[in-house]
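Just below is one structure, and these are the notes that go with it.
Letters A, B, ... are given to chains in the order of the sequence lines, protein chains preceding strands, and every chain is numbered from 1.
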2 protein chains.
Amino acid sequence: MAGKVEARKAALREKLVDAAEIRIARDGAGALRARDLAQDAGCALGAIYNAFDDLNAIIMAVNGRTFRGLGAAVRASVEDADAEPPTRRLILMSNAYLHFAIANTNLWRALFDLQMTAEGPVPDWYLEALEGLFANIARPVGELFPGMGAEETGLMVRALFSSVHGIVLLGLERRISGVPPEQIETMIAQVLRQIGRS
Amino acid sequence: MAGKVEARKAALREKLVDAAEIRIARDGAGALRARDLAQDAGCALGAIYNAFDDLNAIIMAVNGRTFRGLGAAVRASVEDADAEPPTRRLILMSNAYLHFAIANTNLWRALFDLQMTAEGPVPDWYLEALEGLFANIARPVGELFPGMGAEETGLMVRALFSSVHGIVLLGLERRISGVPPEQIETMIAQVLRQIGRS
DNA sequence: ACTCTATCTTGAACCACGTTCAAAATACCG
DNA sequence: CGGTATTTTGAACGTGGTTCAAGATAGAGT
């Protein structure tokens, strides 16, 4: 039984990430407590630090799952929409982004919270997941601006993603924006339609 | 000497906010420590809680200053630009926003960090400051879309602000965006010019 | 099967931090 | 100047992430 240790460790890691996902989804990443996690996973407090470097590493593992789900949601929103005009596809993806953020607010927020906490480099899979999102946006943008150079197109893709992200981010902050969620779709459509208007 | 106590208290408050501003600007709001602050202000640890409810209240006081500075910077950017076309004025304001964020990254970040921490309502002055920013944007937007209803215009104003905010936010996160600061202006201009194109 | 060694697991302990509070100092009033 | 109210103080409390030495366990060699 050479892999027994490995298997136990992997099982513990999975239990910890499961528990962390549930807690982050319910209470936000800032409310994650090592002692709660140990209790949920049925392990000792110190065992967490055998499986992961620190709590942040667990949050990053949860972020990995979240990013996969987000990517799938965005991709699915345009899966059968090849025939739609590019602006329409951008709006479909943005709405998918919005509804993912609404349905998983705390998990989604954790994705962009690595900012102020950690200093170290962002893991590769994180950047790759982001590039995956950008790739979806790049197709309709390329159709909208056929004459645009590659570099400028890349900037436009990032600019559009950031714009939609900003609208969703502030829009979900009801206390600040004062805008009901239904109106967020309207704002996204306003901006994207103006941009895509030929 | 009836006002002596008041004056001392006010002086302490000011010293605390000064010290907090310096520390937040240098290390970020998350690195603010009550003990450091007490040392900087030359008061006892507990005295902080005589002057303010808690550390968050000090951060909010700093946010008040930051918001005033941000509002002034944005206003100044279009002060002598009445003759410019609306799109140009939107770009001027956005660039002012960007450069304020670049020059005061940590202070600017703190403005939008009240999200996950506190639950209570946002103070009135905060919402008013935000409305002040929106009012600046509303003028050029009104000129760009003369036929638009008041409600729709309001949404467009918020949508544009959120878009620029998103571009600046992710743009300054070099680790994520991989876009050099000079390119952020380009992204803003790309989006705003597309939207304002008549 | 039985060591023996390396590894894992455990939870008490450590440290940092926000916040509180009773005592000491100070201010204000008669 | 004496007495009361307020403020200031910093030690102490509670919480929470992380560590570590001791005990438990697994796998290899015989």
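Screening residues 159-172 of chain A for side chain to side chain donor-acceptor pair (under 3.5 Å) gives Y97(A)-H165(A) as the qualifying pairs, with residues at least two apart or on separate chains.
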May I have the list of side-chain donor-acceptor pairs in residues 144-151 of chain B shorter than 3.5 Å, sequence neighbours left out?
none

Just distance, no hydrogens or angles: give the donor-acceptor pairs under 3.5 Å from side chains in residues 35-50 of chain A, sequence neighbours left out.
unit_1	atom_1	unit_2	atom_2	d
D40(A)	OD1	R23(A)	NH2	3.3
D40(A)	OD2	R23(A)	NE	2.6
D40(A)	OD2	R23(A)	NH2	3.4

Show me the donor-acceptor pairs, under 3.5 Å and distance only, between side chains in residues 70-82 of chain B and residues at least two apart or in other chains.
unit_1	atom_1	unit_2	atom_2	d
S77(B)	OG	V74(B)	O	2.6

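For the pair L16(B) CG and dT8(D) P, the computed distance is 11 Å after rounding to whole Å. Rounded to an integer number of Å, the gap from L12(B) CG to dT6(D) P is 19 Å. Nucleotide dT7(D) holds its P atom 17 Å from the CD1 atom of I48(B), rounded to whole Å. Rounded to whole Å, the distance from NZ on K9(A) to C1' on dA6(C) is 14 Å. As rounded to whole Å, 14 Å separates atom P of dG11(C) from atom CG of N50(A).
By the criterion of side-chain heavy atoms lying less than 4.5 angstrom apart, applied directly or through intervening Ile, Leu, Val, Met, Phe, Trp or Tyr residues, L111(B) is grouped together with F112(A) in one hydrophobic cluster.
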Check nucleotides 23-25 of chain D against the protein and report each pair of N or O atoms closer than 3.5 Å, with its distance, or say if there are none.
none

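Between F134(B) and F161(B), the two ring planes are perpendicular [angle over 60°; tilted spans 30° to 60°].
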Contact string for nucleotides 12-19 of chain D, one letter per nucleotide 5' to 3', B = base within protein heavy-atom range under 4.0 Å, S = sugar-phosphate only, - = neither, reads B---BBBB
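Side chains of I102(A) and H99(A) form a contact here, defined as non-hydrogen atoms less than 4.5 Å apart.
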